Protein chains: 2
Amino acid sequence: MRILVVEDDPRIAADIVATLGAAGYVVETVGDGEEAWFRGDTEDYDLIVLDLGLPKMDGLSVLKRWRAAGRMTLVLVLTARGAWAERVEGIDAGADDYLPKPFRMEELLARVRALIRRSAGLGTSVIEAGPLSLDARQMRVTRNGVPVTLSPLEYRLLAYLMHHKGRVVSPPELLEHLYGDDDAHEANALEAVMARLRKKLGQDSIATRRGFGYAVAQGTE
Amino acid sequence: MRILVVEDDPRIAADIVATLGAAGYVVETVGDGEEAWFRGDTEDYDLIVLDLGLPKMDGLSVLKRWRAAGRMTLVLVLTARGAWAERVEGIDAGADDYLPKPFRMEELLARVRALIRRSAGLGTSVIEAGPLSLDARQMRVTRNGVPVTLSPLEYRLLAYLMHHKGRVVSPPELLEHLYGDDDAHEANALEAVMARLRKKLGQDSIATRRGFGYAVAQGTE
DNA sequence: TGATCCATGTCAGCGATCTGTCAGCTTTGC
DNA sequence: GCAAAGCTGACAGATCGCTGACATGGATCA
């Protein structure tokens, strides 16, 4: 889980980084609105903590630009205590939750957890792609209705590809999501898992795009 | 099954804890609204018993905040006798049931059972899964119609899995719901209970999904 | 009070499975 | 045709989960 913290007060930023870091999240920080907008638009975060009062471009504008660009990353907005109008505006602009300042760090952590949990519980738990079907609830995979037994790693790999079906996913991206990027893995490890997965699912289930990565066909939609 | 009791009168709280505890639930208590909100938002309970008159933050506000945050935990609200308006407000705020004070403990227990049963999508207190049948009211389990005697812990483990049949339940989740999260147990404790349970129910009654957790097959629905 | 029983946690050892690595092979793109 | 990218099967260490034996501690009953 990767989180971007947008906060211009360095003391508060450091506090937040410490708290979220201790809770096991990978945290990055930026201190002004322009940089925030750029990072949020180009990088892939699971959640963004966004202060509204920022240099260069205010938080609400940043949020609106993200949403206008179709970025649906979860956003937790930090508002000044009692600034009711700001809060309403924030929600209109597409914030997923807000937290009035000042706040206790525990409270922030609770909100972050709740948001991530909530977002994970959305939609159906079944993803279909061609002959493949993946049920996240039962953690079960079938091919043409026939159950297939996968190891945990194989399952996670397939789940990630199917969550992003129709898109080519690069090896670095896969490695990061399977292992967390602390790496120390031969590139070959991924290929080995792929091989085992294909043997179970059929060779044509996952396509290789030489030089780019892997993809599961769109199939049913 | 893990229940949070939010009640500021220590005598009543103790009574409720005793009653629910005797019925086999894992019970935790808090005495004020802020703590209640925090716990309900961060921890994962199967049901929350919520008194409305609380220090620091009143029950209704707590409930509204949970719902606003997307927490769908079952909530049983305790209202003052005849406070009809409160009752309506409670239901508006997202309570699943209410109980006017004062009440007899049996009545509370019945409501709690009914709510939990209902949430499992069942009309009766009996859950079926394949050859297994679990009667929550009598705390009785049969396999192919033959009664099986279970220890309290074994029963709670099976009950939780059957309430969530068809889903893979992870060891941490099971530990949390069996023990409440306070004390540290060796991971092995759970495995030991599983082994004893399987010996009584038959090896295939509960499936292990290596690396993920345990599951009871969907079976009859 | 003491003896006994039962429930449950802990431990150690065992299989089985998983998964990273390697070496050699095949395919692809130029 | 060549080099790089990707695939594959074999292997071995690591990990996971299961089991039986034992220890503990609380409840029950004499």
Side-chain angles (χ1 to χ4, degrees), chain A residues 139-141 147-161 168-216, chain B residues 18 21-26 139-141 148-161 168-216:
Chain A
M139 303 212 219
R140 189 166 275 173
V141 174
V148 180
T149 312
L150 300 183
S151 79
L153 195 62
E154 289 160 5
Y155 176 85
R156 277 192 284 150
L157 175 52
L158 181 64
Y160 191 81
L161 288 174
V168 176
V169 183
S170 73
E173 180 179 346
L174 276 176
L175 288 170
E176 188 172 320
H177 280 266
L178 285 185
Y179 301 109
D181 53 358
D182 24 315
D183 70 318
H185 285 287
E186 293 290 319
N188 197 302
L190 180 60
E191 288 166 17
V193 180
M194 277 295 323
R196 289 190 267 256
L197 190 53
R198 278 172 169 157
K199 198 184 289 181
K200 290 181 179 178
L201 298 176
Q203 292 301 332
D204 51 342
S205 52
I206 301 170
T208 300
R209 295 299 249 282
R210 181 172 260 253
F212 296 103
Y214 300 91
V216 165
Chain B
Y25 299 103
V26 176
M139 294 212 238
R140 189 165 281 175
V141 174
V148 180
T149 313
L150 300 183
S151 78
L153 194 61
E154 288 160 5
Y155 175 83
R156 278 189 281 152
L157 174 52
L158 181 65
Y160 191 80
L161 286 174
V168 176
V169 183
S170 72
E173 181 179 344
L174 275 176
L175 288 171
E176 189 172 315
H177 283 265
L178 284 184
Y179 301 109
D181 56 355
D182 17 315
D183 54 328
H185 286 284
E186 292 292 318
N188 199 304
L190 179 60
E191 288 164 18
V193 181
M194 276 294 325
R196 290 190 263 259
L197 189 53
R198 277 172 170 158
K199 203 181 288 183
K200 291 181 179 177
L201 297 176
Q203 291 300 331
D204 51 341
S205 52
I206 300 170
T208 300
R209 295 297 247 289
R210 183 176 246 256
F212 296 110
Y214 300 92
V216 166

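All figures in this text were calculated on a predicted structure; none of them were measured in a lab. Sequence lines set the chain letters: A, B, ... in the order given, protein chains first and strands last, and positions in each chain run from 1.
- Under 4.0 angstrom from either OP1 or OP2 of D:dC18 there lies at least one side-chain N or O belonging to B:Thr208.
- In this structure, CG of B:Leu153 is placed 20 Å from P of D:dT24, rounded to the nearest angstrom.
- Atom CG of B:Asp204 is separated from atom C1' of D:dC18 by 16 Å (rounded to the nearest Å).
- Within the 4.5 Å cutoff, the side chain of A:Met194 has heavy atoms near those of the A:Leu157 side chain.
- Distance CD/A:Glu191 to OG1/A:Thr208: 9.0 Å, rounded to 0.5 Å.
- Looking at which nucleotide of DNA chain C each of B:Glu191 and B:Leu150 is closest to, the 5′-most match is held by B:Leu150.
- Of the two residues contacting DNA chain D, namely B:Gln203 and B:Arg210, the nearest-nucleotide position lying further toward the 5' end is that of B:Arg210.
- Side-chain atoms of B:Tyr179 and B:Leu153, non-hydrogen and from C-beta on, do get closer than 4.5 Å to each other.
- Computed from coordinates, the A:Glu154 CD to C:dT17 P distance equals 13 Å when rounded to whole Å.
- A:Ser170 and A:Arg209 are not linked by any side-chain donor-acceptor pair at a separation below 3.5 angstrom, with hydrogens and angles left out of the test.
- Between the side chain of B:Arg198 and the main chain of B:Ile206, a donor-acceptor pair closer than 3.5 Å is present.
- A:Tyr155 comes within 4.0 angstrom of nothing in the nucleic acid, heavy atoms only.
- Checking side-chain atoms of A:Lys200 against main-chain N and O of A:Thr149 turns up a donor-acceptor pair under 3.5 Å.
- Separating the CG atom of B:Leu158 from the P atom of C:dA7 is a distance of 16 Å, rounded to the nearest angstrom.
- An OP1 or OP2 oxygen of C:dT19 is reached within less than 4.0 angstrom by a side-chain nitrogen or oxygen of A:Ser151.
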What pairs of nitrogen or oxygen atoms, one from the protein and one from nucleotides 9-12 of chain D, lie under 3.5 Å apart?
| unit_1 | atom_1 | unit_2 | atom_2 | d |
| --- | --- | --- | --- | --- |
| D:dG9 | OP2 | A:Lys199 | NZ | 3.0 |

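- For the pair B:Tyr214 and D:dC18, the criterion of a side-chain N or O lying under 4.0 Å from OP1 or OP2 is met.
- What separates CG of B:Leu190 from P of D:dC16 is a distance of 15 Å, to the nearest Å.
- With D:dT8, C:dT10, C:dA7 as the candidates, the nucleotide lying closest to the side chain of B:Pro152 is C:dA7.
- Note: CZ (B:Arg198) to P (D:dT19) measures 7 Å, nearest angstrom.
- One interatomic measurement links the two molecules: CG of B:Leu197 to P of C:dT8, which rounds to 11 Å at whole-angstrom precision.
- Side-chain contact between B:Tyr160 and B:Leu178: absent, with no pair of heavy atoms (C-beta onward) separated by less than 4.5 Å.
- Rounded to whole Å, the distance from CZ on A:Phe212 to P on C:dT28 is 16 Å.
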